[in-house]
Amino acid sequence: MPVQRVVLNSRPGNNGVPVPAHFRLEETTLAPDLEDGEVLVRTLCLSVDPYMRCRMNEDTGVGYVTPWQLSECVDGGGVGVVESSRCSACSEGDVVTSFNWPWQTKAVMKGSALQKVDPQVVDGHLSYFLGAVGITGLTALLGVREKGNVTKGANQTMVVSGAAGACGSVAGQIGRLDGCVRAVGICGSEEKCRALVDDCGFSAAINYRKEDIPAKLQELCPDGIDVYFDNVGGGISDTVIAQMNNNSHVILCGQISQYNKDVPYPPPLSEEIQETLRRNNITRERFTVLNYMNKADAALCELSQLVKSGHINVLETVVEGIEKMGDAFCSMMKGGNIGKQIIKISE
Ligand SMILES: NC(=O)C1=CN([C@@H]2O[C@H](COP(=O)(O)OP(=O)(O)OC[C@H]3O[C@@H](n4cnc5c(N)ncnc54)[C@H](OP(=O)(O)O)[C@@H]3O)[C@@H](O)[C@H]2O)C=CC1
Ligand SMILES: CCCCCC(=O)/C=C/[C@H]1[C@H](O)CC(=O)[C@@H]1CCCCCCC(=O)O
């Protein structure tokens with residue numbers, strides 16, 4: 001059976017900006033018969049994520065992430081439907097997901113590597129399994145709960161960087177639902193600022209490309225900053241940390257502004273920022289969602305209810321066609337997405 005797939009064509013290097021030519025679309029053929037335990041799946045949607053930038057390097061620098069190999073099919077989060085099965089756990093028509101879904105229109109996968117999911121959990125909106133009711137929603141919810149110290153009635157202000165992205169847009173909404181009196185987003189365009197305020201209930205948003213971040217933070221956070229959900233690192237985060245209250249909390253979720261640089265994860269802070277953290281007793285703990293998977297089932301159930309009831313509004317940027325994978329990844333790394341970047345492969 002002929003299928004299309006995306007392979008890694010070349011590496012950007014530890015200091016390079018990824019471009020679509022680092023990926024290549026190929027035709028390949030699937031074996032006609034399944035072996036015992038195997039499942040033929042048709043890909044519905046694929047997830048595009050920042051951590052994939054380190055999979056483009058020979059050495060990812062992050063223990064739990066493996067490098068993609070040159071000329072081999074790349075993989076990541078995916079959702080699809082079972083077309084035929086020789087695995088007792090999967091039947092034709094089942095909707096399944098995996099963290100290691102090949103960027104391929106159809107694939108033969110081990111049934112044991114797939115998780116069966118119920119489309120009702122997302123009211124049939126299957127791409128949500130890769131976003132708000134999947135790993136990015138979990139990252140937002142568990143990141144806030146595990147590291148944010150949000151307390152109802154405590155008059156707290158939350159700031160979120162990368163706020164109009166998949167994790168950020170949900171994190172600010174969770175912050176509000178959990179009791180923050182203000183959620184202020186920092187993001188890279190006017191359109192994103194509008195989406196945060198009009199669609200996601202953020203109190204205000206700052207366009208870091210156009211506005212003076214320190215002045216806007218002072219204006220929009222009159223009682224200082226108590227919780228900072230950090231998706232980007234670098235200069236934006238240094239600016240936020242400089243305005244944080246005593247005994248406040250940074251949720252170190254990601255540092256995307258540094259991913260095209262040859263620095264370890266998490267990138268080291270300047271001596272000045274470290275001193276600010278110490279002086280003001282600000283916690284800054286690294287958060288990795290994969291370390292909290294024992295809480296995933298309950299959290300996914302909560303996220304499903306919050307999305308279905310309209311308490312969380314989901315933002316997505318959906319691009320169609322496997323041939324757009326490279327473009328979509330490179331675009332997301334430069335801010336081309338609002339909400340979760342998804343590639344739709346088939347109906
Ligand atoms: N700790 C964990 O377990 C997890 C961490 N993460 C991390 O969370 C963060 C967000 O991921 P995700 O929600 O999937 O991605 P997003 O949907 O937020 O997409 C990435 C966004 O990052 C912003 N960005 C890119 N470069 C810069 C820059 N130099 N400075 C500021 N902003 C930049 C862009 O938005 P803009 O237009 O605003 O610039 C872009 O849209 C990432 O750092 C990721 O690594 C993700 C999942 C799990
Ligand atoms: C560049 C370092 C990024 C660190 C932050 C980040 O984005 C982490 C993301 C992971 C998160 O914990 C959940 C995920 O899905 C992301 C990693 C997934 C790992 C799968 C690796 C698959 C493989 O290597 O085979």
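Quick caveat, the model's predicted, so the values are computed rather than measured. These values consider heavy atoms only, across backbone and side chains, with no hydrogens, waters or symmetry-generated copies. When a ligand or atom number is given, it counts from 1 through the structure's own listing order.
- Taking 4.0 Å as the cut-off, Q255 does not count as a neighbour of ligand 2 on heavy-atom distance.
- Where the criterion is an N or O separation shorter than 3.5 Å, residue side chain and backbone included, F287 meets it with respect to ligand 1.
- Atom 33 (C) of ligand 1 has its nearest heavy-atom neighbour, among I256, L130, L138, T288, in I256.
- For M333, every heavy-atom contact with ligand 1 shorter than 4.0 Å involves the backbone, none the side chain.
- Residue-to-ligand polar distances keep G168 apart from ligand 1: every N/O pair is separated by 3.5 Å or more.
- Here K147 has no heavy atoms under 4.0 Å from ligand 1, in either its backbone or its side chain.
- Within ligand 1, counting atoms from 1 as listed, the ones closer than 4.0 Å to a heavy atom of V289 are 2 (C), 3 (O).
- Within ligand 2, the atoms closer than 4.0 Å to a non-hydrogen atom of T66 are 23 (C), 24 (O), 25 (O), numbered from 1 in the order shown.
- At least one N/O-N/O distance between Y259 and ligand 1 falls below 3.5 Å.
- For ligand 1, the polar-atom distance check against N231 finds a nitrogen or oxygen pair separated by under 3.5 Å.
- Counting only heavy atoms from C-beta outward, the side chains of L141 and V170 never approach each other to under 4.5 Å.
- The side chain of Y259, and not its backbone, has at least one atom closer than 4.0 Å to an atom of ligand 2 (non-hydrogen atoms only; side chain from C-beta on).
- Near C54, the atoms of ligand 2 lying under 4.0 angstrom from a non-hydrogen atom of the residue are 1 (C).
- For ligand 1, the polar-atom distance check finds no N/O of L252 at less than 3.5 Å from any of the ligand's N/O atoms.
- Aromatic pair Y51/Y259: centroids not less than 6.0 angstrom apart.
- Of the options C253, P266, S189, G339, the smallest heavy-atom separation from atom 6 (N) of ligand 1 is shown by C253.
- For T139, every heavy-atom contact with ligand 1 shorter than 4.0 Å involves the side chain, none the backbone.
- Of the protein's non-hydrogen atoms, K192 NZ, 3.4 Å is the one closest to atom 36 (P) of ligand 1.
- Here the heavy atom of the protein found nearest to atom 38 (O) of ligand 1 is G188 N, 2.9 Å.
- Residue, atom and distance of the protein heavy atom nearest to atom 19 (O) of ligand 1 are N337 ND2, 3.3 Å.
- For NE2 of H125, the number of neighbouring non-hydrogen atoms (other residues, nucleotides, ligands) closer than 6.0 Å is greater than 12.
- In terms of protein heavy-atom proximity, atom 6 (C) of ligand 2 is closest to Y51 CB, 4.1 Å.
- At the shortest separation from atom 11 (O) of ligand 1 among protein heavy atoms lies P50 CG, 3.5 Å.
- The minimum heavy-atom distance linking P67 with T60 is given by the pair N-CG2, 3.4 Å.
- Ligand 1 has no N or O atom lying under 3.5 Å from any N or O atom of C187, backbone or side chain.
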